[in-house]
Structures are given as C-alpha cells and as structure tokens.
Amino acid sequence: MYIYDSVQKTKRLFTAQNEGKVTLYVCGPTVYDDAHLGHAKSALVFDLLVRVLRTNGYDVTYARNITDIDDKIINKAKEQNKSIKEITEFYTDAFHKEMAQIGVSRPDLEPKATESLDAMYALIQKLIESNHAYQTADGDVYFDTSSDSEYLTLSKRVQNEDEKVNRVENSLHKRNNADFALWKSVKDGTIVFDSPFGAGRPGWHVECSAMIEKHLANQDMKFAVDIHGGGADLLFPHHENEAAQTRCGTNHALANYWMHNGFVNIDGEKMSKSLGNSFFLKDALKIYDGEVLRFYLLCTHYRSNFNFNEEDLVTSKKRLDKIYRLKKRLFGLTSVNAKTQFQDELLKALSDDLNISNTLALIDEMITHANETLDTAGKHKELKAETLSNLAYIEEVLGFGAKNPFEYFQSGMDEETKTKIAELILKRDEAKKTKDFAISDKIRDEILSYGVSIMDTPQGTFWEKV
RNA sequence: GGUGCCAUCGCCAAGUGGUAAGGCCGCAGCCUGCAAAGCUGCUAUCCCCAGUUCAAAUCUGGGUGGCACCUCCA
C-alpha cells in the first residue's frame with residue numbers, strides 16, 4: 001500500500017506502527033448546518049481508504065470526530081432559540097442519514113467534543129505545566145508557538161511578520177501573533193463549561209488532539225495515530241496546531257502519514273455561503289441517486305480538486321450503468337468466491353494511493369471482456385462465475401453495484417407507471433409476434449414517452465429509466 | 001505581499017525518463033424487423049520557449065494561464 005503523505009509531499013510505502021493494525025483519524029463535521037458536497041467527498045475518500053486497507057488485510061480502527069462545541073453552533077442555537085444539544089443532535093443525525101445514502105459506513109469510533117472535555121483539560125494543563133501554554137489576564141489560555149521549535153514544519157510555512165495580512169483578531173495579551181487559543185474564557189455566562197482555567201469553551205484545535213489522545217492514541221508508539229486525514233484546507237492552521245499540541249503535550253508525535261483530500265467546486269466556483277452556491281448533500285440527494293453521487297464524487301482522484309457539474313455527473317452515471325447492465329445479464333446466477341487476476345490488479349491500483357482512475361479503467365476492461373465473451377459464448381460457465389465474483393469484489397472494495405440491477409435502472413418510477421409500462425410491453429410483444437411492426441413501433445413510442453428506453457433481449461423486453 | 005499546487009484528445013481523466021490507459025461524445029461496421037443494449041474498428045505527442053539526455057508529457061531554467069492556503073472552512 002502506498003500513500004501520498006501531504007506533509008512529506010511524496011508517495012510513501014505504508015507501514016503500520018503496530019503490525020497489521022492501523023489507526024486512522026479524520027476530522028469530521030462541525031454539526032451546525034447541513035452537510036455539503038465537500039463533506040460528502042471527504043467522507044467518501046476515507047470510507048474508500050478504510051475499505052482498501054481492510055481488503056489488504058489490515059485491522060483498521062477508524063475514528064471520525066463530531067465537533068459539537070463551536071462558536072458557530074452556539075450562534076445558531078441563539079438564533080433559533082434552541083439548546084446546543086438540539087442543534088447538534090439534529091445535524092449529527094442528518095449527517096449520518098445522508099452519509100448512509102451515499103454508502104459511507106459509520107466509523108468505528110465517533111468521539112464527540114462534549115464527551116472529551118476531561119481530555120482537553122488534561123492536555124491544556126500539561127501544556128501549561130511544560131511552559132508551552134499560558135493563561136492571560138483576561139482568562140484565555142494560548143499555545144505559545146515560540147516554545148515549539150518544530151512549529152510550522154508541518155505546513156512548511158514561514159512565519160509572516162506582516163501585520164497587514166494577519167487576519168486573526170489580535171489579543172493584546174498574546175505573546176506572539178501566531179499563538180492560538182486553547183481555552184477561550186467567556187464572561188457573559190451564557191453557554192460555557194467550567195474548567196480548571198475558569199468558565200469558557202475550548203479552542204477548536206485542542207478538541208481534535210484531545211479526542212485522539214482519549215479515544216485512539218497508542219501511548220507506547222512514536223505516533224499517536226498511523227494516518228491523520230482531512231480536507232486540504234485543514235493543513236494550516238488546524239493540523240499544524242493539532243500537531244504542535246500533541247507534540248508538546250504528550251510523549252508522541254501526532255501522525256505518521258497525513259492525507260488531505262481536494263476541494264469540491266460547483267461549476268468552477270468555490271462553494272461558499274457568501275457566493276450563495278453551497279450545494280447541500282440533502283438537496284443533491286433529492287435529484288440524484290445516492291450511489292450515482294458516490295460514484296461521481298469518487299471518480300476523480302481524492303487529492304485533485306473536484307469540479308461538480310451536472311454534465312459530468314450524467315457522464316459518470318453511464319459508467320456505473322455498465323456495471324449494472326452486466327449484473328443484469330448475469331441476474332439469477334449464484335455467486336461463488338473465485339480469486340481472479342482482475343481482483344489482484346484492482347487492489348493493486350487502489351493500493352497505489354487510491355488510484356481510482358486506473359481502477360475504473362480496469363473495471364471497464366473487465367466489463368467489456370465479459371460482455372464480449374457472453375456475446376460469443378453465452379454458456380461460458382466459468383467466466384460467468386468469475387464475473388459474478390468480480391462484481392462482488394467491486395461491491396465490497398468500492399461500494400459500487402450493490403443494488404438489484406432492475407431496481408437500479410427503474411428507481412424513481414412510481415408503481416403506477418411501472419405497471420402501465422409492463423402492460424404496454426405485453427401489448428407490444430403481441431404485435432411483434434404477428435409481425436405488425438407499425439403497431440409495435442407505435443406502442444414503443446408510447447413507452448418511450450414515459451422517459452424510459454427499452455431493449456429486446458433473448459430473456460424478454462426490459463426497460464430502463466433514461 | 002508570502003507559500004504551495006496545477007496545465008495531457010470536444011468533455012472528464014490516468015500516466016514522474018523509454019516512445020500517450022480508461023470513460024463520455026463523434027464516425028464506420030456487426031447484431032436487431034427497426035431500435036435499444038452489447039461487441040469491433042477509427043480519433044491527441046502531452047500550454048509556449050530553451051536546456052539536460054541515446055531517449056522527456058515525464059528532469060532543469062524561463063515564460064504564459066488557472067487555482068488554493070495565509071489563523072471560520074471538508
């Protein structure tokens with residue numbers, strides 16, 4: 001297995017610290033709003049990574065946190081006159097449901113910030129004791145970036161002394177411009193936690209470090225986790241700060257491998273609320289099938305930026321259709337476990353830093369070869385068994401093609417229309433039997449008007465939604 | 001202003017030194033009553049310039065054009 005390490009900026013052979021076992025931590029959502037396509041992309045990428053690691057025989061512990069303490073959550077709660085819990089539970093639940101629709105399994109661990117406050121206090125305490133953090137007169141606790149000689153080695157950034165481009169709201173009490181908050185004291189007494197450092201709430205970065213220590217870290221190892229992942233924007237400052245906290249506050253470094261997924265743009269523009277083009281997953285799911293979205297969002301390499309547009313989505317669906325058409329051709333046959341060369345090659349491609357492009361090329365070639373053989377030697381038993389096994393393998397490793405193929409092609413059609421189409425097909429069959437092609441073509445036009453296409457096969461006439 | 005990434009057929013997109021994968025679209029054909037689906041064949045020398053090398057899309061330098069991050073962000 002090779003993984004591109006976005007800190008070392010090179011593809012590295014993956015080695016687990018603890019042989020055969022992998023710990024993976026991915027920065028999850030802050031639950032104050034609906035998930036957008038970017039959240040979907042990130043979740044899909046690491047879902048695929050976990051599947052590939054497991055197929056390679058690793059025992060994977062995958063943790064993705066839920067950030068349920070944050071200023072944005074608090075603001076939303078105030079706005080809607082609801083409790084924090086009502087807000088976070090609502091969006092956590094929605095997140096899970098929507099992710100399930102695009103075939104993303106739940107991680108093994110889903111730590112919440114609210115359940116990890118003890119670990120945050122412990123980490124902040126340790127940082128203060130070791131002079132890596134300090135409390136200001138107004139009660140905030142800051143990480144002292146000048147105390148960490150390795151600070152900025154993760155993102156390879158140079159300390160910027162130009163005050164004009166420094167957008168952070170500056171505190172007069174900070175020792176260095178770059179110092180970031182571990183604990184923000186709150187005076188208005190609205191929504192706060194009581195800590196050893198006074199009433200307030202934790203900084204965003206310390207939440208992740210603490211959750212990793214509490215739920216996932218192996219204390220005896222050089223690195224808290226094998227792989228740490230997240231969106232490309234998180235490298236700085238979030239991961240830089242996380243790494244600094246863990247390095248200075250514990251006896252190990254944070255992660256051996258860092259993986260960052262690219263961004264999702266909409267029609268060439270960055271998705272953002274100010275541009276008014278945020279594309280929420282729930283809205284996309286109203287228009288497109290969850291599996292089609294999964295396939296489309298995964299068909300570009302995880303590190304590339306992804307440009308979402310409807311035309312490409314329709315094109316990519318045609319590729320997924322091919323998997324299902326082959327499945328339809330073999331429908332009713334029972335699958336057997338057959339190890340094939342195709343499966344070896346597929347896993348090899350995916351194990352090369354999730355090279356999805358080569359993976360899809362292999363799948364298309366397998367499909368073409370299977371169709372070709374089925375066309376010329378329809379009774380090829382061994383090939384049928386192998387092909388079914390290959391399709392099952394694709395389903396397991398990539399999560400494509402799990403549905404009943406007939407339902408896949410007819411999803412979104414109401415029962416009434418389905419019945420009507422079935423009747424028309426019967427009528428057309430009768431006309432065809434008497435070679436009354438004028439009538440049968442007329443009936444076909446009527447069927448087509450329902451937005452479907454039909455295909456005559458030796459097994460009978462089938463239809464698909466266009 | 002600082003740092004980094006990218007530029008491959010009409011579109012999407014692999015390929016990091018050995019002579020351009022795959023998908024969509026298009027064209028021709030097989031199959032079909034005709035279609036659809038499936039199959040076969042055809043379609044690029046890799047943004048520009050210079051250099052290194054027996055050999056470069058791949059390395060180096062210089063352009064041009066996109067994009068990202070710089071303390072809210074997946």
Side-chain angles (χ1 to χ4, degrees), chain A residues 9 11 26-30 32 35-46 70-72 145 152 155-162 164-170 177-181 203-205 229-238 240-241 260-265 268 270-273 296 299-301 303-307 309 311-322 325-326 328-329 349 352 355-365 367-376 432 435-438 440-441 444 448 452-457 461-464 466:
Chain A
K9 293 187 191 299
K11 218 184 259 186
V26 176
C27 292
T30 301
Y32 72 104
H36 57 228
L37 292 175
H39 292 106
K41 170 85 182 175
S42 180
L44 283 166
V45 163
F46 292 103
D70 188 273
D71 289 0
K72 291 188 286 288
T145 50
L152 297 181
S155 57
K156 311 223 173 21
R157 209 161 278 268
V158 289
Q159 194 73 57
N160 197 333
E161 299 300 335
D162 188 350
K164 282 174 193 162
V165 296
N166 200 333
R167 298 186 203 162
V168 71
E169 55 177 290
N170 247 317
N177 248 345
D179 292 356
F180 54 91
W204 174 40
H205 313 302
D233 56 328
L234 296 180
L235 178 57
F236 186 84
H238 185 52
E240 183 74 59
N241 294 352
H260 290 95
N261 65 277
F263 261 44
V264 177
N265 297 328
K270 184 180 165 162
M271 206 183 344
S272 79
K273 287 195 171 167
Y296 175 49
C299 78
T300 298
H301 188 77
R303 275 187 281 125
S304 308
N305 282 336
F306 187 93
N307 188 30
N309 70 73
E311 196 187 328
D312 291 347
L313 182 142
V314 170
T315 297
S316 94
K317 180 183 180 296
K318 289 180 183 171
R319 228 171 168 176
L320 180 61
D321 288 351
K322 287 163 68 159
R325 289 220 180 85
L326 180 58
K328 201 157 75 168
R329 263 187 112 160
D352 179 18
N355 189 328
I356 194 70
S357 209
N358 281 340
T359 302
L360 294 179
L362 285 166
I363 291 174
D364 284 321
E365 280 161 8
I367 291 172
T368 298
H369 176 248
N371 273 324
E372 186 189 354
T373 315
L374 288 168
D375 279 352
T376 51
K432 276 175 70 184
K435 302 223 187 287
D436 192 342
F437 296 124
S440 84
D441 286 356
R444 180 166 61 196
L448 262 41
V452 302
S453 67
I454 62 172
M455 42 210 67
D456 297 327
T457 76
T461 300
F462 298 117
W463 64 272
E464 295 179 0
V466 178

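Computed from a prediction, not measured in an experiment: that's the story for all the values here. Order of the sequence lines sets the chain letters (A, B, ...), proteins ahead of strands, with each chain counted from 1. In what follows, every heavy atom counts, from backbone to side chain, and hydrogens, waters and symmetry copies are set aside.
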Give me the distances for all protein-to-nucleotides 4-9 of chain B N/O pairs that come in under 3.5 Å?
none

Whole-Å gap separating C1' (B:rG66) and CG (A:Asn265):
12 Å

Residue matched to B:rG1 through Watson-Crick or wobble contacts both under 3.5 angstrom
B:rC70

With a 3.5 Å distance limit and no angle check, can you tell me whether A:Ser304 reaches the backbone of A:Thr300 through a side-chain donor-acceptor pair?
no

Categorize A:Lys41 for me: base, sugar-phosphate, or nothing, with a 4.0 angstrom heavy-atom threshold over every strand shown.
nothing

Taking for each residue the nucleotide of RNA chain B with the nearest heavy atom, is it A:Asp364 or A:Thr457 whose nucleotide lies nearer the 5' end?
A:Asp364

Using Watson-Crick or G-U wobble geometry with both distances under 3.5 Å, which nucleotide pairs with B:rG18?
B:rC54

All salt bridge (charged side-chain N to carboxylate O under 4.0 Å, His left out) counterparts of A:Asp233, not counting sequence neighbours
none

Going 5' to 3' along nucleotides 40-46 of chain B, which nucleotides have protein heavy atoms under 4.0 Å from the base (write B), which only from the sugar-phosphate (write S), and which from neither (write -)?
S------

Give one of base, sugar-phosphate or nothing for A:Glu464, where a contact means two heavy atoms less than 4.0 Å apart.
nothing

Considering every strand shown, what is the Watson-Crick or G-U wobble mate of B:rA7 when both distances are under 3.5 Å?
B:rU64

Mind checking what makes ring pair (Phe, Tyr, Trp, His ring centres under 6.0 Å) contact with A:Phe306, not counting sequence neighbours?
A:Tyr296

Compare the minimum distances between each of B:rA37, B:rG22, B:rC72 and the side chain of A:Arg325, then state the nucleotide with the smallest one.
B:rA37

If stacking means aromatic ring centre less than 5.5 angstrom from the base's six-membered ring centre, planes under 30°, is A:Phe263 stacked on B:rA74?
yes

Assign each of A:Leu362 and A:His39 the nucleotide of RNA chain B bearing its closest heavy atom; nearer the 5' end lies the nucleotide of A:Leu362

Who pairs with A:Phe46 by ring pair (Phe, Tyr, Trp, His ring centres under 6.0 Å), at least two apart in sequence or on another chain?
none

Could you list all N or O pairs between the protein and nucleotides 12-15 of chain B that sit under 3.5 Å apart?
residue, atom, partner, partner atom, Å
B:rA13, O2', A:Ser357, OG, 2.5
B:rA14, O4', A:Ser357, OG, 3.2
B:rA14, O3', A:Asn355, ND2, 3.4
B:rA14, O2', A:Asn358, OD1, 2.6
B:rA14, O2', A:Asn358, ND2, 3.2
B:rG15, OP1, A:Asn355, ND2, 3.4

Can you list everything that forms a ring pair (Phe, Tyr, Trp, His ring centres under 6.0 Å) with A:Phe263? Sequence neighbours excluded, please.
none

Looking at residues at least two apart in the chain, or sitting in another chain, which of them share a salt bridge (charged side-chain N to carboxylate O under 4.0 Å, His left out) with A:Asp71?
A:Lys184, A:Arg201

Residue list, ring pair (Phe, Tyr, Trp, His ring centres under 6.0 Å) with A:His301, at least two apart or on another chain
none

How close or far is atom P of B:rC70 from atom CZ of A:Phe180, stated in whole angstroms?
16 Å

In this structure, how many angstroms lie between the C1' atom of B:rA36 and the CG atom of A:Asp321, rounded?
13 Å

What contact category does A:Gly38 fall into here, base, sugar-phosphate, or nothing, at under 4.0 angstrom with non-hydrogen atoms?
base

Is there a Watson-Crick or G-U wobble partner for B:rU45 with both distances under 3.5 Å, and which nucleotide is it?
none

A:Arg329 side chain to A:Asn371 side chain, donor-acceptor N/O pair below 3.5 angstrom
yes

Distance only, no hydrogens: is a donor on one side chain within 3.5 Å (strictly under) of an acceptor on the other, for A:Thr145 and A:Asp179?
yes

With heavy atoms under 4.0 Å as the rule, sort A:Lys322 into base, sugar-phosphate or nothing.
sugar-phosphate

Main-chain N/O of A:Glu372 paired to A:Thr376 side chain as donor or acceptor, under 3.5 Å
yes

Side-chain donor-acceptor pair present, A:Ser155, A:Glu240, cut-off under 3.5 Å:
yes

At under 4.0 Å between heavy atoms, what does A:Val264 touch on the DNA or RNA strands: base, sugar-phosphate, or nothing?
base

May I ask you to evaluate whether A:Arg329 reaches the phosphate of B:rA37, defined as a side-chain N or O under 4.0 Å from OP1 or OP2?
no

Please produce a list of atom pairs where a protein N or O lies less than 3.5 Å from an N or O of nucleotides 29-33 of chain B.
residue, atom, partner, partner atom, Å
B:rG33, N1, A:Asp441, OD1, 3.0
B:rG33, N2, A:Asp441, OD1, 3.4
B:rG33, N2, A:Asp441, OD2, 2.7

Which residues pass the side-chain hydrogen bond (donor to acceptor under 3.5 Å, both in side chains) test with A:Lys322, sequence neighbours left out?
none

Heavy atoms under 4.0 Å, any strand shown: does A:Ile454 hit a base, just sugar-phosphate, or nothing?
base

Salt bridge (charged side-chain N to carboxylate O under 4.0 Å, His left out) partners for A:Asp312, two or more places apart:
none

